[in-house]
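Working notes, beginning with the structure itself.
Values in this document were obtained by computation on a predicted structure and should not be read as measured data.
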Amino acid sequence: MNSELITHRDPKSPISEVFKTLRTNLQFMKHKDESISLLVTSTMPGEGKTWVTSNLGIAFAQSDKKVVIIDSDMRKGRLHNVFDTKIFPGLSNYLAEDKKSIKDYLIKTEMENLWIIPAGNVPPNPSELLSTERMLQGLEELKRSFDVILFDSTPCMLVTDAVIISRIVDATMIVSSHKLTKMENLKTVQKNIENVGGKIAGVIINRIPVSLKKYKSKYYYYGERSKTEDVSQENNSSRIHQEEVTYVEENKEEAEESFEKSNKSKQEQDDIINQIDQYLDDNK
């Protein structure tokens, strides 16, 4: 099992509980019996969007929802690696063909209620394929069979793929990374998505150090704040990550005391959290 799938590997962990809280907030976006389509993007590579999408999809599946995750990054898709499946045929093959149903490209995962559609062969024109009527038809077909459709897309600052998809989904979530995401990039992504009629569901602050328990990351849901515990990016090694979480849980007071000794580090954390707070307050 891939170490990144923490909501499946360790469903009772603090990080898994964060994804369940996020799941609960998102479920209120639509009526109970309606399907929901969500795009997950970021500003730049390496901010954790695939990790967030995968674990959020599992969290939905664990609540008896039929879920499909679509790898719409047809340039450098990674979803097939996370779920250990083949990469093609996939989305690009469906969009380039006229005869097959999008359901022909579904791959069942080992998790109950969860399917994925991999990226497929790398096409010469990903943006153009996503703009076709066939993409919209495929989404509508999936809505008739699934409760939740998640798109794991490209970073918005590099290509327009995610912006194109944002027009046809119910809402978009932007994954930002602690000490990595630039505020000006976050503003640009928001503007680009809203300019084409897309809706921003919220911003997920990722990779907040596990020792900073006092700094709760916030999930912003259409301007109404719903506080959650910090969503910390899992390390490449599940063993190292588990050691970090265990150490913090068992030595919480020692960890926080050590952090308090560094005034410079504390000020940096304050500045980052305050900047994101102010930016999202200004854009309710």
**Asked** Backbone N or O of Lys12 within a donor-acceptor pair of the Ser16 side chain at under 3.5 Å?
**Response** no
**Request:** Please report the shortest heavy-atom distance between Ser72 and Leu130, naming the atom on each side.
**Result:** O-CD1, 4.3 Å
**Fill in**
Sorted by chain and residue number, the side chain to side chain donor-acceptor pair (under 3.5 Å) partners of Glu97 (sequence neighbours excluded) come out as Tyr105
**Complete:** Scanning both residues in full, the closest heavy-atom pair of Leu39 with Ser153 reads CD1-CB, 3.2 Å
**Message:** If I compare all heavy atoms of Val40 with all of Lys49, which pair ends up nearest, and what's the gap?
**Reply:** CG1-O, 3.8 Å
**Asked** Checking Asn192 side chain against Val189 main chain: does a donor-acceptor pair fall under 3.5 Å?
**Response** no
**Prompt:** Are side-chain heavy atoms of Phe60 and Gln27 found at a separation under 4.5 Å?
**Reply:** yes
**Request:** Determine, stepwise, if the pair Phe19 / Trp51 fulfils ring-ring contact (aromatic ring centres under 6.0 Å, His included).
**Result:** CA-CA 11 Å; Phe19 282 106; Trp51 180 75; 5.4 Å; yes
**Asked** Can you name the closest pair of heavy atoms from Ser42 and Ile174 and give their distance?
**Response** CA-CG2, 4.3 Å
**Asked** For Ile164 and Ser127, which heavy atoms make the closest approach, and how far apart are they?
**Response** CD1-O, 3.5 Å
**Asked** So do the side chains of Met173 and Leu56 get within less than 4.5 Å of each other, counting heavy atoms only?
**Response** yes
**Minimum side-chain heavy-atom gap Ile193-Ile200 below 4.5 Å** = yes
**Item:** Tyr94 (side chain) donor-acceptor with Ile117 (main chain) under 3.5 angstrom
**Value:** no
**Message:** Looking at Lys191, is its backbone amide N or carbonyl O close enough to the side chain of Asn195 to form a donor-acceptor pair, meaning the two atoms are under 3.5 Å apart?
**Reply:** yes
**Trace of the salt bridge (charged side-chain N to carboxylate O under 4.0 Å, His left out) decision for Lys187 with Glu184** = CA-CA 5 Å; Lys187 292 178 180 179; Glu184 56 267 29; over 6 Å; no
**Prompt:** Does a salt bridge link Lys199 with Asp170, judged by any charged N lying under 4.0 Å from a carboxylate O?
**Reply:** no
**Request:** Calculate, to the nearest 0.5 Å, the distance between atoms CD1 and CG belonging to Ile102 and Leu142 respectively.
**Result:** 4.5 Å
**Request:** For the pair Asp71 (side chain) and Leu79 (backbone), establish whether a donor and an acceptor sit closer than 3.5 Å, ignoring hydrogens and angles.
**Result:** yes
**Prompt:** Between Asn55 (side chain) and Glu4 (backbone), is there a donor-acceptor pair under 3.5 Å?
**Reply:** yes
**Fill in**
Smallest heavy-atom separation, Glu47 atom then Asn206 atom, equals O-ND2, 3.0 Å
